[in-house]
Amino acid sequence: MPDYMLLLHERPELFANVTPDDMERVIAKYVEWRTKLGAAGKLTGGNKLRDDAGRIIEARSPGGRVEVRDGPFTETKDVIGGYFIVNAADYDEAIAISRDCPHLAFGGRIELREIEIP
Amino acid sequence: MAQPSGNPFAFASDEVLRHARSRVVASLAATFGAEHLELVEDAVQDALVSALKAWTHVDAPADPTSWLYRAARNRATDILRRERRHTELDDHLIASQSEDLSEPLVRDNELRMLLMCCHPVLPPTARVALALSIVAGLSAPQIARALLVAEPAARQTLVRAKRKLRDESVELALAGAPDLEGRVDAALSTLYLMFNEGYSASEGERLVRPELCHEAIRMCGVLLDSPLTAAPQVHALGALFFFQAARLNGRMDGDGNPLTLADQDRTRWDHRLIAIAFEHLEKAGTGTTLSTYHLEAEIASYHARAASVDSTDWDSIVRAYDSLIRINPSPIISLNRAVAIAQRDGVGAALAELEALESVPSLATYPFFHTTRGQLLVRAGRHAESRAAFAHALTLATSLPVHRFVAARLGLEPVSKNTVANRL
């Protein structure tokens, strides 16, 4: 069965006024989701990405000088905050798993990609 | 990636993160100083957001408070550096902070924060709001809901209070502080106000807001935990809180409507809390001071002891009210005394007391003055006058459950305050 990567896009401003009580509710929902997937053996990985800007490494032109610069600032509208890797039969099942992810309920967007195994 | 374990959300109980937040704010503010309170709060908020995002992906650490503390401390340091406010003094402050939070240190810092929030330079209502924000960790919208004010007003109160503390250079030191006694008194009156706001909600749909009572009790515990502040009158206030809290459930029927003392099912009172209250009352008696909290707790204790209204020691209650009026002459206390007089000397004597109070402006607009009078008039068989008293109370009551209580006595089904008032 293939693995799928859920890239969690988020809008940082949604968190600006989060309260500890909100957090407990949000975290509880995620834990429930992760526990359910974990028990079914479908969750194979996932992590939060650091809140810093990251780096963009890019060649000016193919074969040209490589440049390193700061990545998109967290002030931008859309950043990838983290990812999960799930094991699913096909896109349909992976989409069903994504639909249940609390990330959507809290205003986030999920980009779903199948990991190609040669 | 941490695999979901058996108990991945060990701290899932209510309020844990909220109290973790307030502990971290207290610890950092105690080191950085009251003038950096807003910076500390910003840093802690950032740490919370970071924690939220981390703990949605992997299991939360066993000790979320320490995690938040380290993250917030680093964030505060970053902000200071970025704003070029970083000085040698800050270096010293940062270096002096321990990696982890020891329990005694946290408690000490929490006490400093409580006394800072209740500082006499602040107006009493601002003290309640600030203590709910900093010590209880409630957000501005939560505070606005708890205190029944608009959200912008709550925010404004908090901003002004913090500015005032900064402008007045409020000191956070405790040991040897010359004004410590006065600051403890200010804290007690703040907690009293907070508890009462929760216990007899004056407006809105709910008769009681137990979360406010709960926080007032917790903060009273902070004062009692330190030998510097655990004075007899603090125990007295603690006793009063526990006596009252024991009756929280019994004060309402199943629909959240108020019950008179006679109608309350005393088996629904929490006897575990009553026992704690008596312990505090005993410790309150160790000093030489007699505060209003002593007397109010004493009055509550006679009710807690009695099996019924009739077997209550009303004579002692009346005498405690007499002492209370000597220390703190207040029309509301006189009103409560009149209720005790009715039990001891009869309805006629009580109605005579009320007549003497009728011209007091603050009572004329106080709905409970008129409901009390209405109930006494019923007992005296003066039904027409009673009806008029309840009808008048209905035009004044601002809390929906109190409305229903009064309306029930008038045989009305209230739809809303205005429609009921219009029908009368």
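The chains referred to below are lettered A, B, ... by the order of the sequence lines, with proteins before strands, and numbering in each begins at 1.
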Could you check whether atom [atom1] of [X] has more than 12 heavy atoms from other residues, nucleotides or ligands sitting under 6.0 Å from it?
{"X": "B:Arg160", "atom1": "CZ", "value": "no"}
{"X": "A:Glu93", "atom1": "CD", "value": "yes"}
{"X": "A:Glu116", "atom1": "CD", "value": "no"}

What distance separates B:Lys53 NZ from A:Ile27 CD1, expressed to the nearest 0.5 Å? 12.5 Å
Which atom pair, heavy atoms only, marks the closest approach of [X] to [Y]?
{"X": "B:Arg18", "Y": "A:Glu24", "answer": "N-OE2, 4.3 Å"}
{"X": "A:Leu8", "Y": "B:His57", "answer": "CD1-NE2, 3.3 Å"}
{"X": "A:Pro20", "Y": "B:Leu17", "answer": "CB-C, 3.8 Å"}

Output the option from A:Lys29, A:His103, A:Lys48, A:Arg50 having the highest count of non-hydrogen pairs under 4.5 Å with chain B. A:Lys48
Mark yes or no for whether A:Arg34, through its side chain, and B:Thr56, through its backbone, hold a donor-acceptor pair below 3.5 Å. yes
Among the options B:Ala54, B:Ala51, B:Ser139, pick out the one with the most heavy-atom pairs lying under 4.5 Å from chain A. B:Ala54
